[in-house]
Amino acid sequence: MSVWWFITTLAITAFFSSPAYAYDSNPLQDICVAVNDTQASVFVNGKICKDPNLAKADDFFVSGLNVSGSAVPGFGFASKFVNVNNMPGLNSLGISIARAVLEPQGLVPLHTHPRATELMTVLEGTVYSGFLVPDAVSFFKSRLFSKILNPGDVFVFPIGLMHFQYNLGRKKVTMLASYNSQNPGIVTIPSSISTSNPPIISDVLAKGFQLSTTEIAELQKKFS
Ligand SMILES: *[C@@H]1O[C@H](CO)[C@@H](O)[C@H](O)[C@H]1NC(C)=O
Ligand SMILES: *[C@@H]1O[C@H](CO)[C@@H](O)[C@H](O)[C@H]1NC(C)=O
């Protein structure tokens, strides 16, 4: 085997096994500040970039993560997201952040982020948090990976997996979460199942949860 053949093979192997494939897709230019056009009739995977000469510092800046957003009634948690929708400079950068506050016994119900892994840091309080990993053998089962977290503790929720955060303590919990997506998305399991529009026919939910249709109707009423 010639030396050149060896080098070429090595180069091709290195290219295809490159670890540079991250969520989201990598930027192909220095900056790609999103155009805030809700009327756009052309859709791309991400947002259209504005002319780089028109970009300004404020496109890359947001303030207000020093306070929590408005609380979700019944759950005792408040969250605030900084993503491409309110910080247009994040477009194509594959990163975003959120702040969440939990009252005592407050819960962020089981949810997933379809496009991001989440790295959560506890700033104050005590939180019980976990994620579910599908069982390799039976798709009816899962493994729970959970921890009780205190200030300074960091926990990671792998992309797409269901997770929750619950305040076990007597004081409020404040957390910061970063995501490897400019737009991680969120699917809140209990409410999105119960209050879809239009509703899923109740036989599907009754059989799925092994409950009666009366119990399902009660569940739907609670979330409506
Ligand atoms: C949070 O930050 C904003 C903007 O910088 C500021 O106006 C506000 O007073 C701050 N609030 C608190 C409670 O620190
Ligand atoms: C984008 O436009 C909408 C609607 O005009 C507005 O509510 C929102 O604040 C804008 N977002 C940014 C980041 O400018």
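Throughout, numbering of the chain's residues begins at 1 and tracks the sequence. Values reported hereafter were calculated over all heavy atoms of this structure, with side chains retained and with hydrogens, waters and symmetry mates removed. Please read all numbers here as calculations on a predicted model, not as lab measurements. Note that ligands are numbered from 1 as they come in the structure, with each ligand's atoms numbered from 1 the same way.
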**Q** Angle class for the Phe131/Phe157 ring planes (parallel below 30°, perpendicular above 60°, tilted otherwise)?
**A**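 Rings of Phe131 and Phe157: perpendicular, over 60°.
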
**Q** Side-chain atoms of residues 196-207: list all donor-acceptor pairs with protein atoms under 3.5 Å, sequence neighbours left out, distances to 0.1 Å.
**A**
{"unit_1": "Ser196", "atom_1": "OG", "unit_2": "Pro198", "atom_2": "O", "d": "3.0"}
{"unit_1": "Ser196", "atom_1": "OG", "unit_2": "Ile200", "atom_2": "N", "d": "3.4"}

**Q** Please determine if Asn66 has a nitrogen or oxygen closer than 3.5 Å to a nitrogen or oxygen of ligand 1.
**A**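 Between Asn66 and ligand 1, an N or O pair is found under 3.5 Å apart.
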
**Q** Any sub-3.5 Å donor-acceptor pair from Gln165's side-chain atoms to Ser129's backbone N or O?
**A** no

**Q** With side chains defined as the heavy atoms from C-beta onward, is the minimum distance between Pro134 and Ser142 less than 4.5 Å?
**A** no

**Q** Kindly state each residue pair satisfying disulfide bond (SG atoms under 2.5 Å apart) with at least one member in residues 28-132, sequence neighbours excluded.
**A**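 For residues 28-132, and leaving out neighbouring residues, the disulfide bond (SG atoms under 2.5 Å apart) pairs sorted by first residue read Cys32-Cys49.
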
**Q** Need the list: ligand 2 N/O atoms against protein N/O atoms, distance under 3.5 Å, rounded to one decimal.
**A**
{"unit_1": "ligand 2", "atom_1": "2 (O)", "unit_2": "Asn36", "atom_2": "OD1", "d": "3.3"}
{"unit_1": "ligand 2", "atom_1": "2 (O)", "unit_2": "Asn36", "atom_2": "ND2", "d": "2.4"}
{"unit_1": "ligand 2", "atom_1": "11 (N)", "unit_2": "Asn36", "atom_2": "ND2", "d": "2.8"}
{"unit_1": "ligand 2", "atom_1": "14 (O)", "unit_2": "Asn36", "atom_2": "ND2", "d": "3.3"}

**Q** Which pairs would a plain distance check flag for residues 74-88, meaning a side-chain donor or acceptor within less than 3.5 Å of a matching protein atom at least two apart in sequence or in another chain?
**A**
{"unit_1": "Lys80", "atom_1": "NZ", "unit_2": "Gly64", "atom_2": "O", "d": "2.8"}
{"unit_1": "Asn83", "atom_1": "OD1", "unit_2": "Asn85", "atom_2": "N", "d": "3.0"}
{"unit_1": "Asn83", "atom_1": "OD1", "unit_2": "Asn85", "atom_2": "ND2", "d": "3.4"}
{"unit_1": "Asn85", "atom_1": "OD1", "unit_2": "Lys47", "atom_2": "NZ", "d": "3.1"}
{"unit_1": "Asn86", "atom_1": "OD1", "unit_2": "Asn83", "atom_2": "N", "d": "2.9"}
{"unit_1": "Asn86", "atom_1": "ND2", "unit_2": "Phe81", "atom_2": "O", "d": "2.8"}

